[in-house]
S.K.: 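Below are the structure tokens for one structure; questions will follow.
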Amino acid sequence: MDWNDEIAKYDKFMQDEILNSGKIPRHIAIIMDGNGRWAVERNLSRTAGHREGIESVRDIVKASSQLGIKYLTLYAFSIENWKRPITEVRVLMTLLEHFLKVELDELHQNNVRVKAIGKLNSLPKSVQKLLRKAIEFTADNTGLTLTLALSYSGRWDILRAVQIIAFDVKRGKVSPEDLTSEKFASYLQTKDLPEPDLLIRTSGEMRLSNFLLWELAYSEIFVTKKYWPEFRRQDLYEAISDYIKRERRFGKTSAQVASEEKESINDSYIQKVINAFKSK
Ligand code: FPP
């Protein structure tokens, strides 16, 4: 099914509004929280919450792809989540397996490239196999890059990077004085992803929970009280619309940002004029 054939009227309006702003985030990262509370408040099992959470994953992936967002990173399972009751961990792994099996063809048809970050070798072998298949099968796709953070933690990735750097220093491959932010980031598992522009967290908690600690340094944060199973595309549009209104200063002053924006508008105008001359 081609997702672009099924954009509803309301969606088209909202998506056009976002696209016309010209400020669409390139990379959105999401901490999907509140599956358990959503279920408990409805007298349902936590499993039911996770299952409904997958419906949200489907809708958000689809809407992100329709909007032309280039990168979506979902925090699906943290290293700390291994401490949950074994029955819940099993359910989450089974749901993940099911998702990868059932959704792969549709993701591929819609040009989605699947990636994963985290300590993947601690996942069950069956999940690892399906993940590898999904990653290889969609490797050449050029639409949305969907990164699943699985058995992931930000500190784990930073520590892992430091260990590899230490080895590289020891064997003379890199020298300590060459270590810049960019060089350091190239050792992280997220090396091929741009830093997130927007971090969304559901269920109202004001925490990073060990997610993308290095990468989120300058990301805009949007927290909603909604639990993940109730977070659907309208909520995504709301988060992006809020993001569009923000001024991203990256440590600079408002006046500096405004003058840079003006310069870049001028530059693009001059470029347009040059191109128009060239094409004559
Ligand atoms: C947090 O809710 C959610 C998780 C730990 C798991 C998220 C997983 C899914 C949405 C399903 C699998 C994902 C994919 C990508 C197929 P919680 O259980 O911590 O909720 P609580 O804080 O209310 O207990």
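Computed from a prediction, not measured in an experiment: that's the story for all the values here. Counting starts at 1 for both ligands and their atoms, following the listed order. Throughout, residue positions are numbered sequentially from 1 according to the sequence presented.
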S.K.: Below 4.5 Å, heavy atoms only, C-beta onward: do T190 and W214 meet side chain to side chain?
M.R.: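 Result no, sub-4.5 Å side-chain heavy-atom pair not found.
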S.K.: I'd like to know if I54 contacts ligand 1, where contact means a heavy-atom distance under 4.0 Å to any ligand atom.
M.R.: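 Per 4.0 Å heavy-atom rule, I54 contacts ligand 1.
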S.K.: Just checking, is any N or O donor in the side chain of W228 or S203 under 3.5 Å from an acceptor N or O on the other one?
M.R.: no
S.K.: Can you tell me if L74 has a non-hydrogen atom under 4.0 Å from ligand 1?
M.R.: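 No, L74 has no heavy atoms under 4.0 Å from ligand 1.
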S.K.: Side chains of residues 19-30: which donor-acceptor partners sit under 3.5 Å, not counting sequence neighbours?
M.R.:
| from | atom 1 | to | atom 2 | distance (Å) |
| --- | --- | --- | --- | --- |
| N20 | ND2 | D16 | O | 3.2 |
| S21 | OG | I18 | O | 2.6 |
| S21 | OG | K23 | N | 3.1 |
| H27 | ND1 | P194 | O | 2.6 |
| H27 | NE2 | T73 | OG1 | 2.7 |

S.K.: Can you name the atoms of ligand 1, numbered from 1 with element, that are less than 4.0 Å from a heavy atom of L148?
M.R.: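 Those of ligand 1 that fall under 4.0 Å from L148 are 15 (C).
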S.K.: Identify the protein heavy atom lying closest to atom 7 (C) of ligand 1, giving its residue, its atom name and the separation to 0.1 Å.
M.R.: A76 O, 3.5 Å
S.K.: Which ligand 1 atoms are under 4.0 Å away from a heavy-atom of H50?
M.R.: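 In order of numbering, the contacting atoms are 18 (O).
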S.K.: Below 4.0 angstrom from a heavy atom of W228, which ligand 1 atoms are there? Numbered from 1 as shown, please.
M.R.: 10 (C)
S.K.: May I ask which of H98, M93, R84, R37 has a heavy atom nearer to atom 18 (O) of ligand 1 than the others do?
M.R.: R84
S.K.: Would you say that L74 contacts M32 through its side chain, given a criterion of any heavy-atom pair below 4.5 Å between the two side chains?
M.R.: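 Yes; the side chains approach each other to less than 4.5 Å.
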S.K.: Who's the nearest protein heavy-atom neighbour of atom 1 (C) of ligand 1, and how far?
M.R.: M32 O, 3.1 Å
S.K.: Do the charged groups of E80 and K83 touch, with an N to O distance under 4.0 Å?
M.R.: no
S.K.: Give the numbers and elements of all ligand 1 atoms closer than 4.0 Å to a heavy atom of F99.
M.R.: 16 (C)
S.K.: Side-chain contact test, heavy atoms from C-beta onward, threshold under 4.5 Å: evaluate it for I117 versus L212 and give yes or no.
M.R.: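 Yes, close enough: below the 4.5 Å cut-off.
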S.K.: Return yes or no for this condition: an N or O of L96 is under 3.5 Å from an N or O of ligand 1.
M.R.: no
S.K.: Regarding K62 and D59, does a basic nitrogen lie under 4.0 Å from an acidic carboxylate oxygen?
M.R.: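 Result for this pair is no, no salt bridge flagged.
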S.K.: Could you check Y75, W156, F77 and say which one makes a ring pair (Phe, Tyr, Trp, His ring centres under 6.0 Å) with F211?
M.R.: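 It is Y75; the other options fail the test.
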S.K.: Does R51 come within less than 4.0 Å of ligand 1, judged by its heavy atoms?
M.R.: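 The answer is no, since R51 has no heavy atom less than 4.0 Å from ligand 1.
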S.K.: Among all protein heavy atoms, pick the one closest to atom 9 (C) of ligand 1 and tell me residue, atom and distance.
M.R.: N35 ND2, 3.8 Å
S.K.: Which atoms from ligand 1 have a heavy atom of N81 less than 4.0 Å away?
M.R.: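 Result: 5 (C).
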S.K.: Compute the minimum heavy-atom distance from R46 to ligand 1 and say whether it is under 4.0 Å.
M.R.: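 A heavy atom of R46 does come that close to ligand 1.
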S.K.: Considering only NZ, NE, NH1 and NH2 on the basic side and carboxylate oxygens on the acidic side, decide whether E205 and R37 come within less than 4.0 Å.
M.R.: yes
